[in-house]
There are 4 protein chains.
Amino acid sequence: MVAGPEVKLRADARRNLGQILAAARTVFAETGPDVPMEEIARRAGVGVGTLYRRFPDREALVRAVARESLSDVAAEARRAVEESSSAWAALVRLLRHSRQLHVLAQLTLLSSRTREMLCDDAEARRSYREVLTTLREIVNAAQREGTLRDDVGAGDIAVVFSLLLKQTPATHTSDLPALERAFGLMLDGLRARTGTPLPGRPITEEDLLAEETRGS
Amino acid sequence: MVAGPEVKLRADARRNLGQILAAARTVFAETGPDVPMEEIARRAGVGVGTLYRRFPDREALVRAVARESLSDVAAEARRAVEESSSAWAALVRLLRHSRQLHVLAQLTLLSSRTREMLCDDAEARRSYREVLTTLREIVNAAQREGTLRDDVGAGDIAVVFSLLLKQTPATHTSDLPALERAFGLMLDGLRARTGTPLPGRPITEEDLLAEETRGS
Amino acid sequence: MVAGPEVKLRADARRNLGQILAAARTVFAETGPDVPMEEIARRAGVGVGTLYRRFPDREALVRAVARESLSDVAAEARRAVEESSSAWAALVRLLRHSRQLHVLAQLTLLSSRTREMLCDDAEARRSYREVLTTLREIVNAAQREGTLRDDVGAGDIAVVFSLLLKQTPATHTSDLPALERAFGLMLDGLRARTGTPLPGRPITEEDLLAEETRGS
Amino acid sequence: MVAGPEVKLRADARRNLGQILAAARTVFAETGPDVPMEEIARRAGVGVGTLYRRFPDREALVRAVARESLSDVAAEARRAVEESSSAWAALVRLLRHSRQLHVLAQLTLLSSRTREMLCDDAEARRSYREVLTTLREIVNAAQREGTLRDDVGAGDIAVVFSLLLKQTPATHTSDLPALERAFGLMLDGLRARTGTPLPGRPITEEDLLAEETRGS
DNA sequence: TATGAATGAGTTTTCATTCAT
DNA sequence: GATGAATGAAAACTCATTCAT
């Protein structure tokens, strides 16, 4: 019974699992991480029992959703690098189009409880590192190509955009244009050749990983 | 004319009221608006009953804290204008030093429930308008003095910084340097003469107030 | 400080006492014996503290109201005997006009808790006996004059009319005609020469007092 | 056509539901409608949660109990008509044997809050009408057969006996003989050929229904 | 295996009673 | 003595989690 990750699952069981994760992702994004478990189950079209069979408690579910998001982001980051014509374009694409980041942000950054949880999770940590590594590649490349200011590190990018993405999503559709503009302002702040030096030294991805280890 | 509601309170009662509001502000900022009422009461050094005597229910308390924060911010904004040597300096000061904004952000921006609540509150609305008005003065002056890019409005500033301030405060002290840097990036994005035009038109404070009215 | 019953009271204190009792009586009648103490105090125009100075707890207040009512009823009963032209008239008058009985009924009969309380109260018991004694005189006289059926005792009267009076008063004004009619039906049931013998033997006032003692 | 709402319930769930309703009925009758929900749950042998799963709040439970009682009474009324040898016998049987009426009386007549609640409940209203209709049949028949006085309507009967039934039941077993006698007195008051005309005109069942509609 | 019923601990809220002013 | 603020125990209600079907 210790078989492969998610191999031996009956067809319907696998489908349920998918629906649960999808529902959780949506509901977390809409309502935050405190939604009743029954709500999640209902949205997934299953009973609570089924939900609890897959995920022993709320934490496990949150963790799973976060893992999935992180891994999606990691994949998207890689694709962004591969398919973009410039490092700057890759950066913009990664940051703008990664819808998953919303959930990620909701989960990882809103509550410090959740944050701590993820620190204990090997798989999540792996994906997180992967994202940061790719981000560093992008950052390096963009700085080489002269589009990104030199005094920022991958960690700075991660911080700035986690802020941007924390915006409660889905609810305030009317705010979207305002957010697009805020996004633009941030990009402008990041561009090479802009004004003032930042205080301190670039935040690298090692800084973030270290912090994670320290427990913050 | 400002006397009004909270006049005739016994000395100890007034003290308790203050402690409750202070405790609530702190706890909301630390833990979000869902902390148990008992926790708030305990931190304020009073019994739950006392808390409920002042605020008939949680909503009333949240509203009161938000009002207070908004009014503090409004005052700080005015002071920033008066005491700063340039409009840009006023902007930076307002944005950086307004610790109250943390609570405000927690309350107003994190949950849309809370947001709606505030829309029904005349006093809160008045302060909010006041903040935005002062912000517009600063924006106008800064654009005249050539320090702030021309294609942003007071609303843009409000949005960008509400994002920045949403960061769960007080808890992650380790993040502070990172946040300072993010702050710097945003300021650089706002500076006159920066790169690319933003999409759409400036978000004015009327936009924000209208949105508030629409309810959306 | 063990002086006479309610002698040494400052003028305002006496006034307060009266207002409290009056308010309590009203509110008990309107809302039942579970009204918040603050409500009673407010209606009496005093603070809760004042109320508690006079009556160490809710039970004491209830007891006092009941005592007062019982003693009013006893007085009214005596007057009814003295001022009526016939025993039957006295009975009808006593039963119909004694508005106090409403409160009395509310208190004594609705809840058995209250009932028990009164059993422990010497003064209340004294008034109660007085009422029953007068009622027995009326019953005896009415039966001698041939207007009241012979197979009922003072206890039966007390029971029947306590039922009638239990009607939540004051609220359903629209029911008043209906209640008048019910009252008439009962009187007709009590008239001499009516139909069927009742089961058992007349309930005397001793029965009621005994029951009271037994604790029921 | 009577199937409907409560069909698809698991065996144990249905049992629990029954126990809850039974317990509620008992406890309401014993203690009135203000008993703690936990008490009801305990008596039913379930957790509070279970109780709240079936009935979203106290009001819903009270409503359900009242519905059930009313519907039982309606059924009993029909049986009384069918199985009795005379209309008078039917009346006596209905009034004496309907134990359910106790609960009904507790709920409907004691507190006006509860009364209002029932007015909003279609099913309860239906049963209530049914009871009154059957009562009218009985009244008409009894008057035709000359056993019931002519100047009363179904509404009068309902009023008189709701008074009688308001007696807190079950607790004061010692009062039962006294109540039986009061019951007898009332019946004698209702008999044809008795004394004095009643004030006003007969209270019909339309009067009661109208009143219900008026809300007053 | 899936389901949704049951449980009970945790929260919100009320109110009798005490106590500082 | 009067007042109304403070207290905390108790009641209503919610929801994470377990368990019978």
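Lettering follows sequence order; numbering is per chain, from 1.
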*What's the CD1-C1' distance between A:I20 and E:dT3, to the nearest Å?*
12 Å

*asked:* Tell me whether D:R25 contacts the main-chain N or O of D:S69 through its side chain, where contact means a donor paired with an acceptor under 3.5 Å.
replied: no

*Tell which nucleotide pairs with E:dT13, taking only Watson-Crick or G-U wobble pairs whose two distances are both under 3.5 angstrom.*
F:dA10

*Would you kindly give the CG-to-C1' distance between C:L17 and F:dG1, to the nearest whole Å?*
14 Å

*d(CG, D:L61; P, F:dA12) in whole Å*: 11 Å

*asked:* What is the separation between atom CZ on B:R14 and atom P on F:dA6, rounded to the nearest whole Å?
replied: 12 Å

*Now, which nucleotide makes the Watson-Crick or G-U wobble pair with E:dT21, with each of the two distances under 3.5 Å?*
F:dA2

*How many Å lie between CZ on D:R53 and P on F:dA16, as a whole number?*
13 Å

_Salt bridge present between D:E39 and D:R43 (N-O < 4.0 angstrom)_ = yes

*Rounded to the nearest Å, what distance is computed from the CD1 atom of residue B:I40 to the C1' atom of nucleotide E:dT11?*
12 Å

*Within less than 4.0 Å of OP1 or OP2 of E:dA6, is there a side-chain N or O belonging to D:R54?*
yes

*Check the distance between F:dA5's P and B:L51's CG and give it to me in whole angstrom.*
15 Å

*asked:* Can you tell me if B:N16 touches the phosphate of F:dA5, counting only side-chain N or O atoms and a distance under 4.0 Å to OP1 or OP2?
replied: no

*Let me know the distance between CZ of D:F55 and P of E:dA5, rounded to the nearest Å.*
13 Å

*Nearest heavy-atom neighbours spanning B:A64 and B:F55*: CB-CE2, 3.5 Å

*Can you tell which of A:V35, A:T31, A:L21 makes a side chain to side chain contact (heavy atoms under 4.5 Å, CB included) with A:I40?*
A:V35

*If you find the nucleotide of DNA chain E closest to D:G45 and the one closest to A:G47, which residue's nucleotide is nearer the 5' end?*
A:G47

_Just verifying a value: how many Å separate A:R67 CZ and A:L70 CG, rounded to the nearest 0.5 Å?_
10.5 Å

*Could you tell me whether A:E38 and A:R42 have a side-chain N and a carboxylate O separated by less than 4.0 Å?*
no

*Using a cut-off of 4.0 Å between protein heavy atoms and nucleotide atoms, how would you tag nucleotides 13-21 of chain E 5' to 3' with B, S and -?*
BB-SBB-B-

*How far apart are the C-alpha atoms of D:Y52 and D:M37, what are their side-chain angles, what is the distance that settles it, and do they pass the side-chain contact (heavy atoms from CB on, under 4.5 Å) test?*
CA-CA 9 Å; D:Y52 275 96; D:M37 294 295 263; 3.3 Å; yes

*Taking only side-chain nitrogens and oxygens of D:T50, does any of them come within less than 4.0 Å of OP1 or OP2 of E:dA5?*
no

